Protein chains: 2
Amino acid sequence: MRKTVTLKQIARELDVSVSTVSKALRDSAEISDDTKEKVQAFAKLYNYKPNNIALSLKNRKTKTIGVIIPEIVHYFFSKVIYGIENKALEKGYNVIIGLSNESFDNEVINMETLANGSIDGFILSLSKETLLKQDFHHLNETINQGMPLVLFDRASDKVDCDKVIIDDAHAAQTAVQKLLDCGCRSIALITTEDHVSVGQMRTQGYCAKLVSEGFEIDDQVILKIEDPKDSEERLELLEKTIEDLLHLKPDIDGILAVNELYAVTAMKIARKLDLKIPDDIQIIGFTDGVLSRHSTPSLSTICQNAEMMGERAAEMLIDRIEQEDDEPVYETVIVPINLIERESTKS
Amino acid sequence: MRKTVTLKQIARELDVSVSTVSKALRDSAEISDDTKEKVQAFAKLYNYKPNNIALSLKNRKTKTIGVIIPEIVHYFFSKVIYGIENKALEKGYNVIIGLSNESFDNEVINMETLANGSIDGFILSLSKETLLKQDFHHLNETINQGMPLVLFDRASDKVDCDKVIIDDAHAAQTAVQKLLDCGCRSIALITTEDHVSVGQMRTQGYCAKLVSEGFEIDDQVILKIEDPKDSEERLELLEKTIEDLLHLKPDIDGILAVNELYAVTAMKIARKLDLKIPDDIQIIGFTDGVLSRHSTPSLSTICQNAEMMGERAAEMLIDRIEQEDDEPVYETVIVPINLIERESTKS
DNA sequence: TTTCAACACGAAAACGTTTGCGAAATTAAT
DNA sequence: ATTAATTTCGCAAACGTTTTCGTGTTGAAA
């Protein structure tokens, strides 16, 4: 077992000083070619690699960014991480992951354990509980300590920092427009409860577009669902709610769902009720994940370009870290969305 | 903007030495109650938190584990990370993620950048390319440096270290047994190419069970597929391959697929050919992910208990880190699997 | 022979901690 | 009043780097 070798050990072996070794390895002009060669050969032989922790301490830079997300077993978030990782690798940064599990406390704890020197900046998407409590003191404190922070997807106006989001209202409008274009005259919405910022914005967009096209908003066809996650009972509740709706309002011919799961569940119920997709009812979801692509029929959906969000967020953060401006002007990047048309809508 | 305060700054403010501050904060008996109170109050006021990097350097422990996985946009792997994260949090460790993207070089690079002091140990699942090349020098070097390593799911006999795996052959046998029990007499297999260790083991299990039950192995009903991933063409190729098979061998009444995607694709083709599931053909997949649960019909599948794998891997690694035995006896943990019966098989 | 560059290297400080040990100051005992 | 014991604190080293600055050596110019 050969532990990693340090400058000091090389210095002792070669009977020179630590500073000489350091300089020799960095090819300093101060050192003679002879010793340089000697040191470099020895270092290569023993596979010397500078200790990152020591470098971090010296440079007061860790070259590491902290990412805190609500969940990881989730197509959108894992794709964002993928984007972050790629950009980080390219720029020589590591990524350390924290999971809030949609809990405010976990979010706070995660930030605290990382903010003590372990990382150079944060990329974060707010937990549902945080959104519900509207308590952002941990974020503002972090920013106040001079630690850069980029919020993505689930952001808040109450936090002044860089952001990477999509225009959720506009995305919903695009989807509604598509359904209208394809002949729908009664469009239902399956969304989350209002405290989830993106759900709320999507609901707004849905309403705005309908109104602007001369339709009335029927609250009965707007389903606000608690996130079923993996829980079996909630999923059944979701199914029942949708089924009730389709019975109550048999003229519904279009459904917009704010995520994949709601959308495929709606398709499942439609099929159960012998409604043909897309002939009798058309469906559009959000998130171009594995469900959308591989369900039958495949699902038309709003793609949020998660990977691009991750890349942009990492880019912004790293820029911020490396310029270290005391009075930064924060930016909000709106990542474009696109509607992917598949079998659940007419073409 | 209030930067984080250090011991030195507190010492200067309070006109005591750094060591006094440190001891006071750690409630040392060496320090008088007076100064302790004074220091602690000041520290709380200025929200002092010890710098993690300095601690890491001093203790030669980072309290961080490095996880390297082939992909993150993947139900199984993200679920494993979830398990790792939970256990790590519980034990006071952070998790830093590296993605190999199934590439040997990326795997090596990731390990090298993390092995220089940034982490206390690795959890890793081998990339396909590494499996193909059978080159494990980077792993063995890491182990040789005294850095603990736990391999999960995709492991290799050529690397001597702790492992967390499932009994893939046995899992496949269980699935085949179920299909046989449910009346299947001609079972096809959709698997990966042989260099992916788990695919190979599953193929072995499939064959072994069929032989032991008196069936002959028909190579024509064993489809070895290149991973289609997100590529559209490959997915179409997969579909065509399956369709050809079902035309060629119309008596096939059961399919075992080594992952979710192959399984739902098979279901899609079956439906296209007007085969009723599970009446005409029954299907079992691997990985209890979102596709299995939400496809129609829902998919019977082998659940690998990914979260448990993650937890056990983290546990093993942290134990290894904290005991630092020079001549460790490595263990291999076999995580139990279970067959989840849903609508794609008869009951 | 003296003086001065140029060259090659080492000492030390710094990053922020913790900790063993010595020293000063105070209190107690003789 | 002297000594001993106790309390309270600071110094310094250590973790592994990088970098500034100083110093000693060499060779050449005067």
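Every value quoted in this text rests on a predicted model; they were computed, and no experiment measured them. Chain letters run A, B, ... following the sequence lines, proteins first, then strands; residues in each count from 1.
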**Request:** Confirm from the modelled atom types if B:Lys23 and C:dG20 form a donor-acceptor pair under 3.5 Å, side chain to base only.
**Result:** yes
**Request:** Classify the nucleic acid contact of B:Thr6 as base, sugar-phosphate or nothing, counting any heavy atom under 4.0 Å across all strands shown.
**Result:** sugar-phosphate
**Message:** Once you apply a heavy-atom cut-off of 4.0 Å, does B:Ser32 come out as touching a base, just sugar-phosphate, or nothing?
**Reply:** sugar-phosphate
**Prompt:** Within this structure, what is the CG-to-C1' distance between B:Leu57 and C:dC15, rounded to whole angstrom?
**Reply:** 9 Å
**Asked** Which nucleotide in the list D:dT18, C:dG10, C:dT17 gets nearest to the side chain of A:Ser17?
**Response** C:dG10
**Asked** Atom CG of A:Leu25 to atom P of D:dT18: distance rounded to whole Å?
**Response** 8 Å
**Request:** Find out whether A:Lys63 and A:Leu55 are in side-chain contact, i.e. whether some heavy atom of one side chain is under 4.5 Å from a heavy atom of the other.
**Result:** no
**Asked** Which of the following nucleotides, D:dG10, C:dT17, D:dT17, is nearest to the side chain of A:Asn51?
**Response** D:dT17
**Prompt:** Considering only side-chain heavy atoms of B:Ser19, which listed nucleotide, D:dC11, D:dC9, D:dT17, is closest?
**Reply:** D:dC11
**Message:** Between B:Arg154 and B:Glu102, does any NZ, NE, NH1 or NH2 come within less than 4.0 Å of an OD or OE carboxylate oxygen?
**Reply:** yes
**Request:** Would you tell me if any nitrogen or oxygen in the side chain of B:Arg60 comes within less than 4.0 Å of OP1 or OP2 on D:dG16?
**Result:** yes
**Asked** Choosing from D:dT17, C:dT17, C:dA11, which nucleotide comes nearest the side chain of A:Tyr48?
**Response** D:dT17
**Request:** Give the rounded distance in Å between these two atoms: CD1 of B:Ile31 and C1' of D:dT7.
**Result:** 10 Å
**Message:** Rounded to whole Å, please give me the gap between CD in B:Glu37 and C1' in D:dT8.
**Reply:** 16 Å
**Prompt:** Pick one: which of A:Glu315, A:Glu311, A:Glu307 meets salt bridge (Lys or Arg N to Asp or Glu O under 4.0 Å) with A:Lys87?
**Reply:** A:Glu315
**Message:** Rounded to whole Å, how long is the line connecting atom CG of A:Asn52 with atom P of D:dT17?
**Reply:** 10 Å
**Prompt:** If you pin B:Val21 and A:Asn59 to their nearest nucleotides in DNA chain D, which one's is more 5'?
**Reply:** B:Val21
**Message:** So B:Lys61, base contact, sugar-phosphate only, or nothing? Heavy-atom distance under 4.0 Å.
**Reply:** nothing
**Asked** What do you reckon, is CD of A:Glu331 surrounded by more than 12 foreign heavy atoms closer than 6.0 Å?
**Response** no
**Message:** Categorize B:Ser28 for me: base, sugar-phosphate, or nothing, with a 4.0 angstrom heavy-atom threshold over every strand shown.
**Reply:** nothing
**Message:** Using a distance-only criterion (donor-acceptor N/O pair, under 3.5 Å, no hydrogens), is the base of C:dC9 paired with the side chain of A:Thr20?
**Reply:** no
**Nucleotide nearest B:Arg26 (side chain, heavy atoms from C-beta), chosen from D:dT18, C:dT19, D:dC9** = C:dT19
**Complete:** The single option from A:Leu131, A:Leu124, A:Thr130 that satisfies side-chain contact (heavy atoms from CB on, under 4.5 Å) with A:Ser127 is A:Thr130
**Asked** Of all the choices, C:dA11, C:dC9, C:dA14, which nucleotide is nearest to the side chain of A:Lys58 once you look at every atom?
**Response** C:dA14
**Closest listed nucleotide, where the reference is the side chain of A:Leu55 and the choices are D:dG16, D:dT18, D:dA14** = D:dT18
